[in-house]
Novice: 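Handing you a structure now.
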Amino acid sequence: MRKVSLLVLALLLLFSLSACSEEKNLSARTEKLPAFSITLPEGWSMNIPDGMECTASRCVAAFTHVPSGSRSAITVSVVPNLGKNLAEIAEETRQNMASHDAVMRETMRTDTRVEYEGTIKDSPARLIATFDAKAEQVGILLLVGENDEVWGIVRSLVMTNPALVFTKQ
(Lines give C-alpha, C1' and ligand atoms only; values in the text may rest on other atoms or scores of the structure.)
Protein backbone atom coordinates (compact mmCIF):
# COMPACT_ATOMS: atom_id res chain seq x y z
CA MET A 1 0.00 0.00 0.00
CA ARG A 2 1.34 3.43 -0.87
CA LYS A 3 2.49 5.44 2.10
CA VAL A 4 0.56 8.62 1.29
CA SER A 5 -0.59 10.68 4.23
CA LEU A 6 -4.27 11.37 4.62
CA LEU A 7 -3.52 15.06 4.80
CA VAL A 8 -1.46 15.06 1.61
CA LEU A 9 -4.41 13.51 -0.21
CA ALA A 10 -6.74 16.13 1.26
CA LEU A 11 -4.39 19.01 0.37
CA LEU A 12 -3.88 17.77 -3.19
CA LEU A 13 -7.62 17.46 -3.62
CA LEU A 14 -8.23 20.90 -2.15
CA PHE A 15 -5.77 22.73 -4.39
CA SER A 16 -6.62 20.80 -7.55
CA LEU A 17 -10.26 21.81 -7.49
CA SER A 18 -9.71 24.95 -9.54
CA ALA A 19 -8.47 22.78 -12.42
CA CYS A 20 -11.69 20.77 -12.52
CA SER A 21 -13.70 21.75 -15.61
CA GLU A 22 -16.75 19.50 -15.27
CA GLU A 23 -20.22 21.05 -15.10
CA LYS A 24 -21.15 21.83 -11.51
CA ASN A 25 -24.46 22.21 -9.70
CA LEU A 26 -24.16 25.55 -7.91
CA SER A 27 -27.68 25.83 -6.48
CA ALA A 28 -28.34 25.31 -2.75
CA ARG A 29 -28.68 21.62 -1.94
CA THR A 30 -27.85 18.78 0.43
CA GLU A 31 -25.25 16.31 -0.82
CA LYS A 32 -25.89 12.83 0.62
CA LEU A 33 -22.89 10.52 0.50
CA PRO A 34 -22.60 7.16 2.30
CA ALA A 35 -20.06 8.55 4.82
CA PHE A 36 -21.81 11.88 5.51
CA SER A 37 -24.28 14.45 4.27
CA ILE A 38 -23.63 18.17 3.97
CA THR A 39 -25.80 21.15 3.00
CA LEU A 40 -24.18 23.55 0.54
CA PRO A 41 -25.39 27.08 -0.11
CA GLU A 42 -25.70 28.44 -3.63
CA GLY A 43 -22.34 28.94 -5.31
CA TRP A 44 -20.62 25.92 -3.76
CA SER A 45 -19.46 22.90 -5.76
CA MET A 46 -18.48 19.35 -4.76
CA ASN A 47 -15.59 17.33 -6.15
CA ILE A 48 -14.75 13.69 -5.44
CA PRO A 49 -11.37 12.58 -6.83
CA ASP A 50 -11.45 10.45 -9.98
CA GLY A 51 -11.51 6.80 -9.04
CA MET A 52 -12.69 7.42 -5.47
CA GLU A 53 -15.82 5.44 -4.70
CA CYS A 54 -17.46 6.96 -1.63
CA THR A 55 -18.52 4.37 0.93
CA ALA A 56 -19.42 4.69 4.62
CA SER A 57 -15.85 3.71 5.55
CA ARG A 58 -13.82 5.51 2.86
CA CYS A 59 -14.71 8.82 1.27
CA VAL A 60 -12.84 12.00 0.33
CA ALA A 61 -14.80 14.98 -0.97
CA ALA A 62 -13.96 18.64 -1.36
CA PHE A 63 -16.31 21.59 -1.47
CA THR A 64 -15.35 25.00 -2.84
CA HIS A 65 -16.96 28.37 -3.20
CA VAL A 66 -16.78 28.89 -6.94
CA PRO A 67 -17.04 32.69 -7.48
CA SER A 68 -13.85 34.23 -8.80
CA GLY A 69 -11.38 35.19 -6.12
CA SER A 70 -12.88 33.01 -3.40
CA ARG A 71 -10.35 31.27 -1.16
CA SER A 72 -12.87 29.22 0.83
CA ALA A 73 -12.82 25.43 0.73
CA ILE A 74 -13.80 22.44 2.85
CA THR A 75 -12.44 18.91 2.54
CA VAL A 76 -14.16 16.07 4.39
CA SER A 77 -12.48 12.66 4.56
CA VAL A 78 -13.40 9.38 6.21
CA VAL A 79 -10.64 6.81 5.91
CA PRO A 80 -9.33 3.67 7.65
CA ASN A 81 -6.73 4.35 10.35
CA LEU A 82 -4.37 1.76 8.81
CA GLY A 83 -3.53 0.39 12.26
CA LYS A 84 -2.30 3.73 13.60
CA ASN A 85 -3.40 5.45 16.78
CA LEU A 86 -4.34 9.13 16.94
CA ALA A 87 -0.90 10.20 18.23
CA GLU A 88 0.79 8.61 15.18
CA ILE A 89 -1.75 10.16 12.81
CA ALA A 90 -1.30 13.58 14.43
CA GLU A 91 2.50 13.40 14.11
CA GLU A 92 2.30 12.37 10.42
CA THR A 93 -0.14 15.19 9.83
CA ARG A 94 2.14 17.72 11.55
CA GLN A 95 5.13 16.64 9.45
CA ASN A 96 3.24 16.70 6.16
CA MET A 97 1.57 20.05 6.76
CA ALA A 98 4.98 21.66 7.22
CA SER A 99 5.95 20.54 3.70
CA HIS A 100 2.86 22.00 1.93
CA ASP A 101 2.88 25.77 2.49
CA ALA A 102 1.10 25.14 5.79
CA VAL A 103 2.05 26.87 9.00
CA MET A 104 -0.07 24.98 11.48
CA ARG A 105 0.11 24.45 15.22
CA GLU A 106 -1.66 21.82 17.25
CA THR A 107 -4.19 23.51 19.51
CA MET A 108 -5.88 20.54 21.15
CA ARG A 109 -5.52 16.78 21.43
CA THR A 110 -7.48 14.09 23.25
CA ASP A 111 -7.65 10.33 22.67
CA THR A 112 -10.33 10.85 20.00
CA ARG A 113 -9.67 14.32 18.54
CA VAL A 114 -6.82 16.55 17.39
CA GLU A 115 -7.11 20.13 16.13
CA TYR A 116 -4.70 22.41 14.29
CA GLU A 117 -4.95 26.12 13.41
CA GLY A 118 -2.82 28.20 11.07
CA THR A 119 -2.51 29.08 7.40
CA ILE A 120 -2.27 27.18 4.14
CA LYS A 121 -1.00 29.15 1.17
CA ASP A 122 -1.49 32.34 3.25
CA SER A 123 -5.19 31.62 3.88
CA PRO A 124 -6.56 30.96 7.37
CA ALA A 125 -6.93 27.21 7.92
CA ARG A 126 -8.10 24.72 10.49
CA LEU A 127 -7.76 20.96 10.53
CA ILE A 128 -9.75 18.68 12.82
CA ALA A 129 -9.17 14.93 12.93
CA THR A 130 -11.49 12.62 14.83
CA PHE A 131 -10.72 9.01 15.66
CA ASP A 132 -12.89 5.93 16.21
CA ALA A 133 -10.61 3.09 17.34
CA LYS A 134 -13.47 0.57 17.47
CA ALA A 135 -14.50 1.18 13.84
CA GLU A 136 -10.83 1.75 12.82
CA GLN A 137 -11.72 5.04 11.11
CA VAL A 138 -10.40 8.58 11.01
CA GLY A 139 -12.46 11.61 10.07
CA ILE A 140 -10.56 14.62 8.70
CA LEU A 141 -12.04 18.07 8.23
CA LEU A 142 -9.85 20.67 6.51
CA LEU A 143 -11.12 24.24 6.30
CA VAL A 144 -9.37 26.91 4.24
CA GLY A 145 -10.58 30.50 4.32
CA GLU A 146 -12.40 29.89 7.57
CA ASN A 147 -15.37 32.25 7.95
CA ASP A 148 -19.03 32.30 9.06
CA GLU A 149 -20.27 30.75 5.80
CA VAL A 150 -17.74 27.91 6.04
CA TRP A 151 -18.72 27.20 9.66
CA GLY A 152 -22.40 27.28 8.68
CA ILE A 153 -21.69 24.52 6.18
CA VAL A 154 -19.69 22.55 8.76
CA ARG A 155 -22.61 22.76 11.21
CA SER A 156 -24.80 21.10 8.54
CA LEU A 157 -22.40 18.15 8.26
CA VAL A 158 -23.92 14.88 9.51
CA MET A 159 -21.47 12.00 9.81
CA THR A 160 -22.73 8.43 9.26
CA ASN A 161 -20.36 7.35 12.07
CA PRO A 162 -21.36 9.65 14.98
CA ALA A 163 -17.97 9.07 16.66
CA LEU A 164 -16.36 11.10 13.86
CA VAL A 165 -18.41 14.27 14.38
CA PHE A 166 -16.32 17.45 13.96
CA THR A 167 -18.37 20.06 15.81
CA LYS A 168 -18.11 20.03 19.57
CA GLN A 169 -21.28 18.89 21.30
Side-chain angles (χ1 to χ4, degrees), residues 1-17 25 28-41 44-65 72-97 102 104 106-118 120 125-146 148-169:
M1 186 176 295
R2 289 183 297 172
K3 194 169 183 174
V4 176
S5 166
L6 306 175
L7 178 63
V8 172
L9 179 60
L11 286 172
L12 291 173
L13 175 62
L14 179 68
F15 295 114
S16 68
L17 289 175
N25 178 0
R29 70 209 178 277
T30 298
E31 295 286 352
K32 295 181 181 184
L33 300 166
F36 60 88
S37 67
I38 190 167
T39 301
L40 300 173
W44 281 76
S45 123
M46 178 178 77
N47 184 355
I48 296 174
D50 288 341
M52 169 63 73
E53 180 182 340
C54 267
T55 68
S57 61
R58 182 184 294 270
C59 187
V60 177
F63 308 91
T64 57
H65 194 227
S72 297
I74 300 168
T75 302
V76 181
S77 306
V78 175
V79 293
N81 70 351
L82 303 177
K84 297 176 184 173
N85 64 36
L86 185 59
E88 292 171 306
I89 293 166
E91 179 57 21
E92 275 187 17
T93 300
R94 186 195 64 73
Q95 290 174 2
N96 283 311
M97 292 183 91
M104 303 288 280
E106 188 176 300
T107 58
M108 188 272 268
R109 186 189 314 181
T110 68
D111 290 342
T112 59
R113 182 183 187 90
V114 64
E115 295 185 23
Y116 295 87
E117 291 179 353
I120 297 176
R126 179 181 304 249
L127 181 130
I128 300 170
T130 53
F131 185 73
D132 182 350
K134 184 177 178 181
E136 299 181 346
Q137 285 185 314
V138 179
I140 301 171
L141 175 68
L142 177 62
L143 310 175
V144 176
E146 186 177 344
D148 289 341
E149 182 179 42
V150 167
W151 274 104
I153 295 168
V154 170
R155 282 190 290 279
S156 79
L157 185 60
V158 177
M159 302 301 289
T160 300
N161 177 348
L164 300 180
V165 69
F166 298 111
T167 55
K168 293 180 183 177
Q169 304 301 314

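None of the values given here were measured: they were computed from a predicted structure. Just so it is clear, the values below take in all heavy atoms, side chains as well, and ignore hydrogens, waters and symmetry mates.
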Novice: Can you name the residues that form a side-chain contact (heavy atoms from CB on, under 4.5 Å) with Glu117, not counting sequence neighbours?
Specialist: Arg105, Thr107, Arg126

Novice: Is any side-chain heavy atom of Asn47 less than 4.5 Å from a side-chain heavy atom of Thr64?
Specialist: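 No; the side chains remain at least 4.5 Å from each other.
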
Novice: What I'd like to find out is whether the side chain of Phe63 reaches to under 4.5 Å of the side chain of Ser72, using heavy atoms alone.
Specialist: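 Side-chain contact under 4.5 Å: no.
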
Novice: Side chains of Trp44 and Glu149: does their closest heavy-atom pair fall under 4.5 Å?
Specialist: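 Result yes, sub-4.5 Å side-chain heavy-atom pair found.
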
Novice: Quick one: list whatever passes salt bridge (charged side-chain N to carboxylate O under 4.0 Å, His left out) with Arg155, sequence neighbours left out.
Specialist: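 Partners of Arg155 under the salt bridge (charged side-chain N to carboxylate O under 4.0 Å, His left out) test: none.
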
Novice: Answer yes or no: is there an ion pair linking Glu53 with Arg58, defined by an N-O contact shorter than 4.0 Å?
Specialist: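 Arg58 and Glu53: not salt-bridged.
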
Novice: Using salt bridge (charged side-chain N to carboxylate O under 4.0 Å, His left out) as the criterion, list what pairs up with Glu31, not counting sequence neighbours.
Specialist: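 Result, salt bridge (charged side-chain N to carboxylate O under 4.0 Å, His left out) vs Glu31: Arg29.
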
Novice: For Glu106, which residues count as a side chain to side chain donor-acceptor pair (under 3.5 Å) partner, sequence neighbours excluded?
Specialist: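 Residues passing side chain to side chain donor-acceptor pair (under 3.5 Å) with Glu106: Arg109.
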
Novice: Apply salt bridge (charged side-chain N to carboxylate O under 4.0 Å, His left out) to Glu91 and list each qualifying residue two or more places apart in sequence or on a separate chain.
Specialist: Arg94

Novice: If we ignore hydrogens and angles and just use 3.5 Å, is the side chain of Tyr116 paired with the main-chain N or O of Ala90 as donor and acceptor?
Specialist: yes

Novice: Got Leu127 and Ile140 here, is their nearest side-chain heavy-atom distance under 4.5 Å?
Specialist: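 In short, these two side chains touch, coming nearer than 4.5 Å.
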
Novice: Any side-chain heavy atom of Phe131 within less than 4.5 Å of one from Asp111?
Specialist: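 The answer is no, as the side chains (C-beta and beyond) never meet within the 4.5 Å cut-off.
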
Novice: To the nearest 0.5 Å, how far apart are SG in Cys59 and CD1 in Ile48?
Specialist: 5.0 Å

Novice: Using residues 156-166 as the side-chain source, report each donor-acceptor pair under 3.5 Å to any protein atom, sequence neighbours left out, with the distance given to one decimal.
Specialist:
{"unit_1": "Ser156", "atom_1": "OG", "unit_2": "Thr39", "atom_2": "N", "d": "2.9"}
{"unit_1": "Ser156", "atom_1": "OG", "unit_2": "Thr39", "atom_2": "O", "d": "3.3"}
{"unit_1": "Ser156", "atom_1": "OG", "unit_2": "Ile153", "atom_2": "O", "d": "2.6"}
{"unit_1": "Thr160", "atom_1": "OG1", "unit_2": "Pro34", "atom_2": "O", "d": "2.6"}
{"unit_1": "Thr160", "atom_1": "OG1", "unit_2": "Ala35", "atom_2": "O", "d": "3.1"}
{"unit_1": "Asn161", "atom_1": "OD1", "unit_2": "Ala163", "atom_2": "N", "d": "2.9"}
{"unit_1": "Asn161", "atom_1": "ND2", "unit_2": "Asp132", "atom_2": "OD2", "d": "2.9"}
{"unit_1": "Asn161", "atom_1": "ND2", "unit_2": "Gln137", "atom_2": "OE1", "d": "2.7"}

Novice: The test is salt bridge (charged side-chain N to carboxylate O under 4.0 Å, His left out); show your working for Glu115 and Arg113 and say whether it passes.
Specialist: CA-CA 7 Å; Glu115 295 185 23; Arg113 182 183 187 90; 2.7 Å; yes

Novice: Name all residues meeting the side chain to side chain donor-acceptor pair (under 3.5 Å) criterion together with Thr130; count only those two or more places apart in sequence or in a different chain, and write none if there are none.
Specialist: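 Not a single residue meets the side chain to side chain donor-acceptor pair (under 3.5 Å) criterion with Thr130.
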
Novice: With the side chain counted from C-beta on, respond yes when Thr30 and Ile38 share a heavy-atom pair under 4.5 Å apart, and no when they do not.
Specialist: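 Not in contact.
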
Novice: So do Ile89 and Thr93 actually touch side chain to side chain, heavy atoms under 4.5 Å?
Specialist: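 With C-beta onward as the side chain, the pair touches.
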
Novice: Measure the shortest side-chain to side-chain distance between Val138 and Val78 over non-hydrogen atoms and say whether it is less than 4.5 angstrom.
Specialist: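 No - every pair of side-chain heavy atoms lies 4.5 Å or more apart.
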
